[in-house]
Each structure stands twice: as structure tokens, then as C-alpha cells.
Amino acid sequence: MLKHSRLSLRKRESLTGYLFISPWIAGFLIFTIGPMFASLYYSFTDYDIISPPVWNNFANYKKIFSGIFEALITHDSSKLGDPIFWQSLKVTLTYAIMALPLGLIVGFFLAVLLNQKIPFVNLWRTVYFLPSVIAGVAVALLWGRIFNPKVGLLNPVIEAVLHVKGPGWLADPHWAVPSLVIMGLWGVGGGMIIYLAGLQGVPTDFYDAAKVDGANLYQRFIHITLPMMTPVIFYNLVLGMIGTFQYFTEVYVITNGEGGPVRSTLFYNLYLYQNAFRYNHMGYAATMAWLLFILVLVLTLLVFRSSDVWVYYEGGLKGRE
Amino acid sequence: MKRLILILNLILIGAMAIAACATPTTVVTSPVAPVVTEAPVVTEAPVVTEAPVVTEPPATTGEKVHVTIFVGLGTGTDPAQIDAENALAAKYNSTHDKIEVEFLIVPYDQSRERLDAMIAGGTAPQLLGPMGIETTAQFLNSLEDLTPYIQRDNYDTADFYGPAVSLNTYEGKNIGLPLGLYPSFIFFNKNAFDAAGVDYPTQDYNDKTWTITKLREVAMQVTLDVNANSATSPDFDPANITQYGFDNSWDSIRGWEVMWAPANMGRPTTSDYKTAIVNDPDWITGLQWYSDAIWKDHFMPDSAAISGLDPANGDPFAVNGLAMWMSNTWYMSESLNELPFKWDLAPTPFNLRGTRIAQVDADGFGMPKDAKNKDEAWEVLKWLLEPENNLELCRIYGCMPARKSTETAYKASLAEIYPSINLDVIFNAATYLDVPNHESWVPEFASINNDVLAFVQSQILTAGEDHDAKSVLDKANVEVQKILDEYWATH
């Protein structure tokens, strides 16, 4: 005889669902949300890890934001409470401005190429995707050697082909960030695969109809491929943006955690790491982490907001159905 | 059935959550809890007035008390060194039935984080070492004052070289016992001098002609371009140098500067640690000498050249890229007999004042304040620094043993390895040490050294940057002063 449960089927299914995901939720609460709130508390303290934290109100935040107006008026960065913080933010933004669009464009371009009917297409796809699965440390060590201005592989090629002396790359403060951008392009295969999947999901009917209407290749790309791919571009943009603000491993390995030469590769996360684990300024590092979180959150919300006018979903532009 | 599964799942999740939040277990294994007291009560420096409140080593039965020696803050992590350390631990464990020793090897670049985590997590290792002066400075507030233990056991420190003891003493507290010293001197490549037709540097510490000016002159003569022109030749091509005349190891800018014997030597502040003196005239003179050596005289490699000389190992002397290499005895632990050229040693030159400063590195062992089983750790520490073991450890790490009584045996062992090298240069160097040391404590040690002074060094070593020492150091002085002001506002 069936025993009737006091819960409805819907509720029982919900409960079962929650039960199955509960290990993850428990992990998320204990290992992500818990430390997040702990770090929020630490951001208002002077904490050296070894001794108990000491509450210092907004001192860490004040240090970061003090002197901004004086520095702007006098054009003297030494007036800033922590000039190195702003240098690290500048380096990170510079990298993001260069790496993000370039990564999106190159990844998309490769996906379009590898979506064509060409011989050995699967081999080419594998070749371009492969670097993206190599660990950051290995990539950093490899490119560190390639970029070496004295014994690296790149400069002799430049000198042989272009007949000019190659730059100092990672040893030159002006070339260090562009070098990292170039290095990053080696790993666009990850984004490329997502674009490729998106391209293969574009209904061929659209192209056929456009051909019947007399649209050429360029017109089909601009008016069909690109709009249909905007959700994928949007996805890669959001993930890529967050990724650029989390840039750390490669620069840590290449510069031995220093961010040199002359702080030219002192990324935000590297400076945060230095504060936390080299200088034992854990409270200040927690402050930096929260400011980064807020910055990335605001930028992500802006991108989401902008998606209303450029991301095309099948029902039309989002919010303008 | 579903309810049973539900309950089991809830129990499982609850158990996982509790396990995740539980306090980690410690490594103490003794079933009979040793009577370990609180940290020794030490009064304000410099004199310890209260009686030490350390206990006698406890008589334990059953399982041995575990003493972990944390290695990785300096040398000691090479495979050959690890084998030797394990052999030493086995030697101890086979002859002691109450204490068990283990070397915990942590890669250098992870060691500080790991130690922080261990101390914060209540599982501090019992001993730290070998740790250099810099590490001691960074962990100063976490280290136990060993004075009460020394007094309790009437431990005789007279056999240690004076500087070795003083480098482990801060404000009257013995925060470590010395293992060894690493005096500095110049390794020179005889083949490079022969090829350039230049006389070898003197090995006589009394030769007053061996000055910084002379070093520059010689270094330029042995710097060669691709066409074998020396840096003194008008045809010299600085864009294609094949052999540099001189480099100063991997030292920090504080280590660079002590050769000029500035005020307060290797310390970038006044004696009260409150005022920055980074733009002291001697600092400027010294830094300008290095800057000119790279960009004007071309006998010293810049950062790009250094990375190109030996990208794999970062050892430009070993790959025949340098004629002279200012370094310390720790370089002697490398396989120098396998170098593809003949070499020997020369003293650090006299500075412009006519004095000589040979900066020294040093290693010792310390005990974290929060460690458990401190009495056992002290026993192990004493054993490690017995003359025979001191000598053995220094063979492993390449240091000059801190015990004077081992000097003859150490000399003999070195002479056996390097029969054709003038080893007197090493021992004489130990009389020209930098005090205060170039790695000694300053407030916000890592910020001043890594944030500001490493940046200065990077500017001097990098093409296209400001290479005017006065301008660079004036700015650095402002930054250091700012850090000091912030520190003293809260201390």
C-alpha cells in the first residue's frame, strides 16, 4: 500500500534536488562565502597573519584613496597614499585594454577560419586549441625563454626577416606588457572553441536565404554571422574581462614574483599577493581584494547593461523583443 | 527508504562540514605530555633579568617526541642537500630514543607562506633553519629568545666567532644560534685574465693598491667584445660584449652599497630606525659607480645581459661570461671543480676611504615562539651545533662553520676539494664584515627592501631608465621615509 507523503511531489523533487547539490552548497558556504566575509572583516584590520588582527577602521581604504587630488593637481604620484597600488591598477588596465579586444578578435577570426571546409580541419582545430590546455607555469617558462633578448628564439627571427634589432621584450619596461599580451594570444584556443561551437549553431537557412537575396560573403558575415554570434562574444567578453583582472600566474613565474622590470609588470593581483604573503599585510591585501571585487562587479554590470543594445538573441535584441 | 537516504545524506554532509571546520591535529606524538612551559619570560633588551622559566627536558616513555626542522628559508633544498639532511636525521634518530628529528623540506618560493600558515594554524615547526639574516629579520617577532635556555644549561657560546653570535642577537635577545658564516670575496676566471693579458688580482689583504678604482680599471681591461677589443679600447663595441669584467652576484642594493662603508653600513636608516638615509652621499657614490659600470664603462652586465648569460641557471660566472664575480662562500658548495676554466679567489677591494668591507651572509637556527616541545627542540639544536655536526652541516650548505674549533678541519676539507685555491682569502675576509649587516632588520623590512630598494636596483640595471644615482636615491629616500613614518605612527 502506498504511503502518502505530507509533501507535494513538487516540493519533494525540490528537496531531492537541493539534497543532491548540498555538498557543493556546503563547500561554497564554507570555502568561498565564509572566507569572503572573513576577508571583508580583515580589510578593516591590521593583520599580519601570525598575530591576531587589530581593528583599524578605514585605515587601509584611506591609505589607498588618500592624496588622489593632490597627485592629480601636482602631477606628482608621490603624493598618493600608495603610489604602487595605482601603478598596479594601471598595469592591469593597460593589459586588459590590449589583451581583451585582441583576444576576442583573434579567437573569433580563428574560429571563422576553422569553420571553413578546408583539408585537415580537425587537425588545425587541435593545433590551435592545444596551447590553451597547457598550464600557465609551463607557458610562462616557455615564453620567458622565447622572449629572452640575448638568447631567445624571437629576436633572431625578427632580425633575419625585418632586419631590425628586436626589442628587449620582458626585460624592457615598455615592451613587457605587450610581451605578455602576445604570450596570452597563444592561448586563445579556449575562446576559439566556444566561438566555433557558436558558429556551427547558426542556422544555415539564414545563409541560404541571404544568398537567394544576393548577399555577398562580407554582407552575410556582417548581417548574419556577427549578430548571431553576439551572445557568444558577450560570454567570452565577460569571462575574458574577469580573467584579465585575475592575471597572475604567468607574471609571477616570469618575474619571480617581483613584477619587474621597474614595476612594469606589477599587476594588481601580484601586488595583492606581495602584500598578503611577502609583507604580511593581510588586512591591506584583503582591502585590495574587495576593491578589485567591486571594480570587476561594476565593469561586469556595465557590460551586462550594454548587452541590451548589442547582444542579439533569437527573439531580437535583449530587452527589445 | 527515501527518508533514510535523506537522513544519511544529512549526516554525511554534517560530518563533512564538521571535519572541514575542525582544528588540525598537531604532530606531537608523545603519550606522556611533556611539561612545556610558556615562552620564556624575557625583560626588555638588552639584559635578561628574570630567571629562565624553561623546564628540564622531560623524561618520556613510549613514543618519541617529534622535532621538525623547517628547511627552505634559505639553502638546503637541493637534492644532494636533502640526502645529506636525511642522513643527519637518521644519525640522530639512531642514537636518541626520546626525540625523533625530521627535516621538513619546503621549496624556497613557498617557504614563507608555508611557515606563516603553520604558525597561524598552531602547528609551528620546532626549529627553523638554515635561515639567513634576512629571514631572521622578517620573522623577528615570531622567534623565541634562546637566552633562558643558554643560561639554564650554561651553554658555552665562546667557541662561536663573535660576528656569528652578534648576527643572531637583536636588542640583547638571542633569537638564533649560529650555524655558519658566508664571507664574500671575488672569484676570478684565470683564463679570462690570461686571454686579455692582464695580471691576476692580488690575493694579499695588505696590498693597498687593490682599490675600487683599481677594480674598475682591471674590470674594463678584461671586458671583451665580439672582436676581442677590451672596454678600454676606442674600437670597443658595447652592443656585442662576449665577456664582462665584473658582477656582484645576486646581491641586493644594500649588499652593493656596504663596499663604500656608508653611515650605518648596511642599514638604510639611522640607528633609531626613524630616518631614511638612502640618499646618503656614500650611497650615491656607490650606486653611481655601479650605474657607470653598466652604462658608461660597460664592464658590468645590465639585467637583459644577465638573463642572457645563463638563462637556465642564472650563473654567469660558470658559463664563462664573467672575469670577476663577487660572491660568498655559499658559491663554493657548487661544483666549482667542474668549471671549464681555472679560477681563484681575491679579496674585496679597499673603498675610497681606504677601508675594506666584505659583506657577509650568515645562517643559523631559530625556534618559533609558538612551537610545541621547545625543550626537545633545544636539545636537538645543541646537537646540531656540536662541532662535528656543525662541520657536517656546513659541508652540506657551503658555509664557514660558526665554531672556531672547527676551522682547521674545515680548511682541510676545503683544501681536499680545492687543492689549488688560495683559501686564506676566505678566512681573512671574515675580519672585514659589514656591521650593521646589509640584511639586518629595519621596520617594514619587506616593503623597504622589495618595494623601494629593489625598484632602485631595477632602475639602475634596466636600459632606458633613470641612471642618475642621486635622482633615483632622492626619490627612494622619500618613499622609505614614508614607510618609516607610517610604521612609527602605529608602533
Side-chain angles (χ1 to χ4, degrees), chain A residues 5 12 15-16 19-20 22-23 25-27 29-31 34 46 48-52 54 56 59 63 78 81-84 144-145 147-152 165 168-174 176 252-253 256-264 266 271 273-282, chain B residues 2-3 5-6 9-10 12-14 16-17 20-21 109-110 112-113 115-117 119-120 124 138-139 141-142 239 301-312 368-370 444-452 454-459 461-466 475 478-479 482 486 490:
Chain A
S5 167
R12 269 187 282 138
L15 198 63
T16 310
L19 198 61
F20 275 106
S22 55
I25 290 177
L29 290 174
I30 295 166
F31 299 115
D46 184 4
D48 69 358
I49 306 176
I50 296 167
S51 318
V54 178
N56 67 0
K63 183 179 175 185
S78 68
D82 182 3
I84 305 170
R145 293 295 290 273
F147 280 131
N148 189 303
K150 298 286 178 186
V151 293
K165 195 170 185 294
W169 299 112
L170 292 161
D172 182 338
H174 302 103
Y252 177 84
V253 173
N256 201 21
E258 303 292 341
V262 283
R263 295 177 189 152
S264 61
L266 186 63
Y271 186 50
Y273 168 83
Q274 289 180 346
N275 271 291
F277 299 107
R278 285 201 177 170
Y279 313 154
N280 282 10
H281 294 162
M282 190 55 88
Chain B
K2 276 186 178 175
R3 183 168 291 173
I5 293 171
L6 176 73
N9 270 302
L10 287 173
L12 181 66
I13 293 159
M16 283 168 64
C21 298
D109 57 353
Q110 300 165 20
R112 280 169 175 76
E113 291 161 40
L115 182 59
D116 281 341
I119 293 174
Q138 285 181 291
F139 285 97
N141 294 327
S142 305
D302 67 354
S303 56
I306 291 167
S307 65
L309 281 169
D310 183 19
K369 273 181 190 167
D370 298 332
E444 293 293 349
F445 182 92
S447 291
I448 289 178
N449 283 279
N450 297 350
D451 257 5
V452 184
F455 178 67
V456 167
Q457 194 170 30
S458 183
Q459 278 182 293
L461 283 167
T462 305
E465 293 299 309
D466 187 355
K475 286 178 196 155
V478 173
E479 288 192 48
K482 200 168 165 183
E486 277 177 26
T490 54

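Quick note: numbers below take in every heavy atom, side chains included, and nothing from hydrogens, waters or symmetry partners. Residue numbers start from 1 in every chain, and the chains themselves are labelled A, B, ... in the order their sequence lines are given, proteins ahead of strands.
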Inset, instruction - Output the option from B:Arg112, B:Lys482, B:Gln459 having the highest count of non-hydrogen pairs under 4.5 Å with chain A. - result: B:Lys482

Inset, instruction - Please look at A:Lys63 and chain B and tell me whether the side chain, the backbone, both or neither of the residue comes under 4.5 angstrom of a heavy atom of that chain. - result: side chain

Inset, instruction - Say whether A:Tyr279 and B:Asp451, considering side chains only, have a donor N or O and an acceptor N or O under 3.5 Å apart. - result: yes

Legend entry - Side-chain ion pair, A:Arg263 and B:Glu479, N-O less than 4.0 Å: yes

Inset, instruction - Identify which part of B:Ala305 has an atom lying under 4.5 Å from any heavy atom of chain A, answering side chain, backbone, both or neither. - result: both

Legend entry - B:Asn141/A:Ile50 under side-chain contact (heavy atoms from CB on, under 4.5 Å): CA gap, chis, key distance, verdict: CA-CA 9 Å; B:Asn141 294 327; A:Ile50 296 167; over 6 Å; no

Inset, instruction - Go through the atoms of A:Pro83 and report whether side chain, backbone, both or neither lie under 4.5 Å from a heavy atom of chain B. - result: side chain

Legend entry - Residue, of B:Leu115, B:Val478, B:Asn450, B:Asp109, that accumulates the most heavy atom pairs under 4.5 Å with chain A: B:Asn450

Legend entry - Side chain / backbone / both / neither for A:Pro261 at chain B, heavy atoms under 4.5 Å: both

Legend entry - Which atoms of B:Ser307 approach chain A - backbone, side chain, both or neither, heavy atom under 4.5 Å: both

Inset, instruction - Examine whether an atom of A:Phe147 lies under 4.5 Å from a heavy atom of chain B, and if so say whether it belongs to the side chain, the backbone or both; otherwise answer neither. - result: neither

Legend entry - B:Glu486 side, atom CD; A:Asp82 side, atom CG - distance, nearest 0.5 Å: 8.0 Å

Legend entry - Interface moiety of A:Ile49 toward chain B, non-hydrogen atoms closer than 4.5 Å: both

Inset, instruction - Mind checking the CG-CZ spacing from B:Asn449 to A:Arg278? Nearest 0.5 Å is all I need. - result: 11.5 Å

Legend entry - Residue among A:Pro173, A:Gly168, A:Gly144, A:Gly34 with most heavy-atom pairs under 4.5 Å to chain B: A:Pro173

Inset, instruction - Return the set of residues passing side-chain hydrogen bond (donor to acceptor under 3.5 Å, both in side chains) with B:Asp370 (not counting sequence neighbours), or none when no residue passes. - result: none

Inset, instruction - Would you mind checking which part of A:Tyr271 comes under 4.5 Å of any heavy atom in chain B, side chain (CB onward), backbone (N, CA, C, O), both or neither? - result: side chain

Inset, instruction - Check each atom of B:Ser447 against the heavy atoms of chain A and say whether the ones under 4.5 Å are side chain, backbone, both or neither. - result: both

Inset, instruction - Against chain B, label A:Asp48 side chain, backbone, both or neither, depending on which of its atoms sit under 4.5 Å from a heavy atom there. - result: neither

Inset, instruction - Measure B:Gln457 against the heavy atoms of chain A and call it side chain, backbone, both or neither at under 4.5 Å. - result: neither

Inset, instruction - Please round to the nearest 0.5 Å and tell me the distance separating atom CG of A:Asn280 and atom CZ of B:Phe445. - result: 12.5 Å

